[in-house]
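The block underneath contains the structure these notes are about, expressed in structure tokens.
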Amino acid sequence: MEDKNTPQRHWQSRRKYLVILLPVLLCLICGGYLLYRSNADGTMAGLRNGSDGSAGRNDPPGSITEYLRASELVEEGRAAGTADGEIQTNAWADLCVPTYLARVQDTYFLVDCYHNQVIYNDNLQDPLSDWKVMTADLDKAHTLASDGTVYLIDDTERNRVLVFEKRGERFVHTQTFDNIGNRPHYIIYDPPADTFYAWSSMSGEMYLFRRDPEDSRMYLTEIRRVDSLDQVYVRSFTIIGSNIYFVSGNSRILRADLESFEILETYPVPDSMAGMIQLTRIEDYFYITISTDITGSQEYATMIRTKELSALMEGDYEDVYGNFIGGGTPYYITQLEDAYYLTEHRLPGHSLWRFQVEDNEIVNVETVY
């Protein structure tokens, strides 16, 4: 005969075991979940850092891990001597073939090409004789570029790129890159890529320089090439979005992919504007400064603008050099805040212009130097 209390005793026995087993099960489940999350989080962290999980792959963003060569450091004693020496004042009352104006923080820099110097000042009102000399150890330099820490100058005729740093009130030559192509002619700093681009004007080569975020030592990280521009005089390039434009000395403009340098489009130009200097995008127009025609004559020097590069051969462009008197040779244009600055030579007393563009109209044109 079955005891009527048996089911109750069975339930009490099961409940006792459940009380013991439930905490164990909960520990196992939670431990497994935490182990899973730990592994998953570690994997995702590795993926976010571009790592496959192997040691030494989680480099800080922007760090230099691969490069072609490092800069040559200037001897410490010589650099220190430069830093301790007297700051030289510009000895010239005028400019001789100025090519480029830049501003870094509150300082203006002028590349005075045929005086073989770069000069600087904190304003554009002082006479040129009040400007200071950053360096005169140059042979026909053309441009200066900076990321705020280092300052790169193309020493064109010596095939060098010089690196300067500011120490106290002086700019000190601290690093050098020799054997940079054939007549390096144009340098810019591209913030999105944290990279300096330096163009070798006669070899169709672009030299890319970078540095670690916490160090001023510069590295040559890559050389890109446009084979069709080898032995063609190309004075500059222009980066617009993911494209890079080359105004070449063989009667054409090239548009290439910035990453691969693959040529995407070619725009022929008339022989009268074959010796182009620079292409600049301002509002709805491409502005192009021109030094010579296809024969090398500066009598064809001018500035034109067009909305479509493909329309140049059909004559669909506007000559705008009359806004700047005309008759000289316009060179590089730089934008500083809401104004543009044009360097020019062959016209005494008109070496640097300032102008603005409002609704595609050139306005407020004035001579600075």
Side-chain angles (χ1 to χ4, degrees), residues 95 97-103 110-111 113 124 142-143 186 188 233-240 243 245-255 265 267-369:
L95 299 166
V97 189
T99 49
Y100 200 76
L101 174 73
R103 188 177 70 188
L110 255 173
V111 182
C113 183
L124 295 174
H142 284 79
T143 54
Y186 194 76
I188 68 160
Y233 188 20
V234 180
R235 295 173 173 89
S236 72
F237 59 90
T238 305
I239 295 174
I240 302 177
N243 295 311
Y245 294 78
F246 298 95
V247 286
S248 66
N250 59 354
S251 301
R252 57 182 177 163
I253 299 170
L254 304 181
R255 180 173 69 88
E265 201 159 4
Y267 309 97
V269 304
D271 287 348
S272 60
M273 60 179 69
M276 295 170 285
I277 297 171
Q278 184 192 34
L279 177 150
T280 307
R281 182 75 179 187
I282 304 176
E283 293 190 355
D284 296 329
Y285 285 87
F286 294 98
Y287 287 70
I288 302 173
T289 51
I290 298 164
S291 176
T292 70
D293 70 347
I294 198 168
T295 69
S297 172
Q298 288 194 58
E299 295 304 312
Y300 290 85
T302 192
M303 183 195 299
I304 63 102
R305 70 179 187 178
T306 183
K307 288 187 176 181
E308 299 292 340
L309 297 177
S310 58
L312 289 170
M313 277 299 289
E314 284 72 46
D316 188 4
Y317 59 86
E318 178 187 358
D319 192 310
V320 295
Y321 198 29
N323 290 278
F324 306 87
I325 299 179
T329 300
Y331 218 78
Y332 291 138
I333 296 173
T334 51
Q335 180 181 6
L336 303 179
E337 295 182 343
D338 65 342
Y340 298 88
Y341 293 83
L342 169 69
T343 54
E344 181 184 59
H345 56 270
R346 289 202 305 153
L347 281 182
H350 298 287
S351 297
L352 179 65
W353 294 87
R354 179 184 185 274
F355 68 99
Q356 294 175 299
V357 178
E358 298 177 358
D359 297 326
N360 290 313
E361 292 295 324
I362 297 174
V363 297
N364 302 324
V365 179
E366 59 181 335
T367 301
V368 181
Y369 289 110

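We number each residue from 1, following the sequence as shown. If you're wondering where the values come from, they're calculated on a predicted model, not measured in any experiment.
- Taking 4.5 Å as the limit, every side-chain heavy atom of His142 sits out of range of all side-chain heavy atoms of Arg235.
- For Asp359, there are no side-chain contact (heavy atoms from CB on, under 4.5 Å) partners two or more places apart in sequence or in a different chain.
- In this structure, Phe324 CZ and Thr302 OG1 are separated by 10.5 Å, a value rounded to the nearest 0.5 Å.
- In this view, Asp316 and Ala311 satisfy the side-chain contact (heavy atoms from CB on, under 4.5 Å) rule, not counting sequence neighbours.
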Verdict with supporting geometry, Leu124 and Tyr341, side chain to side chain contact (heavy atoms under 4.5 Å, CB included): CA-CA 11 Å; Leu124 295 174; Tyr341 293 83; 3.6 Å; yes
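- Gln356 places no side-chain N or O within donor-acceptor distance of the main-chain N or O of Asn364, the cut-off being under 3.5 Å.
- Between Leu352 atom CG and Leu110 atom CG the span is 6.0 Å, to the nearest 0.5 Å.
- Proximity of the aromatic rings of Tyr287 and Tyr340 is defined here by a centroid distance below 6.0 angstrom, and this criterion is not met.
- Of the inter-residue distances, the one linking Ser248 atom OG with Leu254 atom CG reads 5.0 Å to the nearest 0.5 angstrom.
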Step-by-step side chain to side chain contact (heavy atoms under 4.5 Å, CB included) determination, Leu95 to Tyr369: CA-CA 8 Å; Leu95 299 166; Tyr369 289 110; 4.3 Å; yes
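- A 4.5 Å side-chain heavy-atom check between Thr292 and Ser297 finds every atom pair outside the cut-off.
- Contact check for Tyr331 versus His345: side-chain heavy atoms found under the 4.5 Å cut-off.
- Atom NE2 of His350 and atom CG of Leu342 lie 12.0 Å apart (nearest 0.5 Å).
- Contact between Val247 and Ile277 at its shortest, heavy atoms only, is CG2-O, 3.4 Å.
- Leu101 is listed as a side-chain neighbour of Leu336, based on a closest heavy-atom distance under 4.5 Å.
- Expressed to the nearest 0.5 Å, how far OG1 of Thr306 lies from CG of Asp284 amounts to 11.5 Å.
- For the pair Met276 and Val269, the minimum side-chain heavy-atom distance is below 4.5 Å.
- Side chain of Gln335 to backbone of Glu337: a donor-acceptor contact under 3.5 angstrom is found.
- Across Asp319 and Gly322, no two heavy atoms sit closer than the pair OD1-N, 4.4 Å.
- Formation of a donor-acceptor pair under 3.5 Å by the Thr329 side chain with backbone atoms of Ala301 is not found in this model.
- Side-chain contact check for Glu344 versus Thr289: every heavy-atom pair is 4.5 Å or farther apart.
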Side chain to side chain contact (heavy atoms under 4.5 Å, CB included) evaluation trace for Leu309 with Tyr245: CA-CA 11 Å; Leu309 297 177; Tyr245 294 78; 3.8 Å; yes
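- Contact detail for Ile290 and Tyr300: the closest heavy-atom pair is CG2-O, 4.0 Å.
- Among Met313, Arg252, Arg255, the single residue meeting the side chain to side chain contact (heavy atoms under 4.5 Å, CB included) criterion with Tyr267 is Arg255.
- Of all heavy-atom pairs between Val97 and Cys113, the closest is O-CB, 3.0 Å.
- One N or O on the side chain of Gln278 and one on the backbone of Ile333 form a donor-acceptor pair closer than 3.5 Å.
- Checking side-chain atoms of Tyr100 against main-chain N and O of Thr343 turns up no donor-acceptor pair under 3.5 Å.
- For the pair Ile304/Leu312, a side-chain contact is recorded, criterion being any heavy-atom separation below 4.5 Å from C-beta on.
- Looking at every heavy atom in both residues, Ile362 comes nearest to Val320 through CD1-CB, 3.9 Å.
- Put simply, the side chain of Trp353 reaches to within 4.5 Å of the side chain of Val365, judged on heavy atoms.
- Judged as a salt bridge (Lys or Arg N to Asp or Glu O under 4.0 Å), the pairs with a partner in residues 291-315 (not counting sequence neighbours) are, in order, Glu299-Arg346, Arg305-Glu318.
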